[in-house]
Amino acid sequence: MGNKNKRTVGFAITGSFCTYEKMKGVVRGLVEDNNRVIPIFSQAAQTINCRFGNARDFIIDIQEITGERGIFSIQEAEPIGPKAFLDVLVIAPCTGNTMAKLCAGITDSPVLMAAKAHMRNEKPVVISVSTNDALGANLKNIGELMNMKNIYFVPFGQDDHVKKPKSMIAHVEKIPETMEEAIKGRQLQPVIQSPFPIQS
């Protein structure tokens, strides 16, 4: 992208663990493009070990890539508001649970507090959807978020319409482009895309 002006990006990570390897690449690309990237970890991202990897190892990797100490608590996230030091906040991956709470104004995690604090400054929040119920219980929340001021979506689509017909996931390679458009007050279009291989 050739970003000449260094931006400060909050990169908030929630518990969609299957996306974590891709997120490392996205974060590395943002850093290489002259952004300062501050990682923010939900409780799930901090504590859950699963078949996709160990939480501690992932946190270490992200902090090494960014060269920044992460934000791990609600108390650490709160100053994002009064200090106004982020240009944009990216929530990637953003689970259905996080979207539902964001809609309801719930701030019970570092990621949600970061979003609340950042939005108070009228600055953009970029959501990278990763949820198995995007076309189910969370569809109404996606709709509400799309109509909220300063919320922007990374283009997303169904990742397996046969085995998981309600599941949708963002095209994470479009996070940098979405972020740049959001900073200009524009939603990257089209929002709904179907770039994933068709399952048969």
Side-chain angles (χ1 to χ4, degrees), residues 1-3 6-73 76-77 80 85-99 102 109-115 118 124-132 134 152-160 164 167-183 188 193 195-197:
M1 226 187 315
N3 178 19
K6 188 170 187 176
R7 303 189 191 281
T8 301
V9 180
F11 202 95
I13 298 162
T14 68
S16 181
F17 309 104
C18 60
T19 66
Y20 278 15
E21 281 304 311
K22 287 184 178 179
M23 291 308 164
K24 289 181 189 178
V26 172
V27 170
R28 187 174 289 108
L30 290 174
V31 171
E32 289 173 353
D33 202 31
N34 199 37
N35 296 286
R36 180 189 180 198
V37 180
I38 300 173
I40 304 159
F41 300 95
S42 71
Q43 286 98 337
Q46 293 177 46
T47 59
I48 296 177
N49 301 319
C50 64
R51 63 190 176 95
F52 295 105
N54 181 281
R56 184 174 180 274
D57 292 340
F58 176 70
I59 288 168
I60 289 171
D61 287 347
I62 291 292
Q63 290 187 130
E64 286 182 349
I65 292 167
T66 62
E68 299 281 346
R69 183 188 181 278
I71 290 174
F72 296 93
S73 70
E76 290 175 336
I80 289 171
F85 57 86
L86 298 181
D87 294 303
V88 59
L89 175 68
V90 179
I91 306 178
C94 186
T95 61
N97 183 60
T98 299
M99 285 191 291
L102 192 57
S109 80
V111 169
L112 290 162
M113 175 54 77
H118 181 67
V125 174
V126 171
I127 292 177
S128 180
V129 172
S130 183
T131 176
N132 286 328
Y152 302 88
F153 278 80
V154 179
F156 58 96
Q158 286 177 277
D159 52 307
D160 187 345
K164 300 186 296 178
S167 177
M168 298 187 87
I169 190 168
H171 302 287
V172 299
E173 72 279 3
K174 296 181 182 291
I175 287 176
E177 187 180 359
T178 306
M179 188 185 83
E180 288 301 315
E181 288 296 291
I183 289 170
L188 183 64
Q193 300 184 15
F196 300 103

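Everything numeric in this text was worked out from a predicted model, so none of it was measured.
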When rounded to the nearest 0.5 Å, the distance separating CG of Asp87 from NZ of Lys6 is 11.5 Å
**Q.** side chain to side chain contact (heavy atoms under 4.5 Å, CB included) assessment of Thr131 paired with Thr95
**A.** CA-CA 5 Å; Thr131 176; Thr95 61; 5.7 Å; no
TODO: Check whether any side-chain heavy atom of Pro93 sits under 4.5 Å from a side-chain heavy atom of Ile13, and report yes or no.
DONE: yes
Separation between CG (Leu30) and CZ (Arg28), nearest 0.5 Å, reads 11.5 Å
To the nearest 0.5 Å, atom CG of Asp159 lies from atom CG of Asn132 at 7.5 Å
TODO: Would you mind reporting whether Met113 and Ile71 have side-chain heavy atoms less than 4.5 Å apart?
DONE: no
| message | Taking Pro39's backbone N and O only, do any of them form a donor-acceptor pair with Glu68's side chain (distance below 3.5 Å, no angle check)? | response | no
Review point. Is there a donor-acceptor pair closer than 3.5 Å between any side-chain N or O of Glu177 and the backbone N or O of Lys174?
Key: no
query = Has the side chain of Gln46 got a donor or acceptor atom that lies under 3.5 Å from a matching backbone atom of Phe41?
reply = yes
Does a side-chain heavy-atom distance below 4.5 Å link Val172 with Thr19? no
Side-chain heavy atoms of Arg7 within contact of Glu180, under 4.5 Å
yes
Closest non-hydrogen atoms of Thr178 and Phe153, given as atom of the first, atom of the second and distance, are CG2-O, 3.4 Å
Looking only at heavy atoms, the pair that brings Ile91 and Thr98 closest together is CG2-CG2, 4.5 Å
| With side chains defined as the heavy atoms from C-beta onward, is the minimum distance between Leu89 and Ile80 less than 4.5 Å? | no
Closest heavy-atom pair, Ile40 versus Gly10, reported as atoms and distance to 0.1 Å, is CD1-CA, 4.3 Å
When rounded to the nearest 0.5 Å, the distance separating CG of Asp33 from CE of Met179 is 7.5 Å
- Query: Do the side chains of Ile62 and Lys24 get nearer than 4.5 Å, heavy atoms only?
  - Reply: yes
Across all chains, not counting sequence neighbours, the side-chain contact (heavy atoms from CB on, under 4.5 Å) partners of Ala92 are Phe11, Met23, Val90, Ser128, Ile175
Tightest non-hydrogen contact, residues Met168 and Val129, listed as O-CG1, 3.8 Å
Between Tyr20 and Phe58, what is the ring plane arrangement, given parallel below 30°, perpendicular above 60°, and tilted in between?
parallel
Heavy atoms of Thr8 and Ile38 approach each other most closely as CG2-CD1, 3.8 Å
Side chains of Pro155 and Leu188, heavy atoms from C-beta outward: is any pair under 4.5 Å? yes
Of all heavy-atom pairs linking Gln63 and Gly70, the shortest is OE1-N, 2.7 Å
### Message
Any heavy-atom pair between the side chains of Asn54 and Asn49 that's under 4.5 Å?
### Response
yes
Here the gap from Thr66 atom OG1 to Glu64 atom CD, rounded to the nearest 0.5 Å, amounts to 9.5 Å
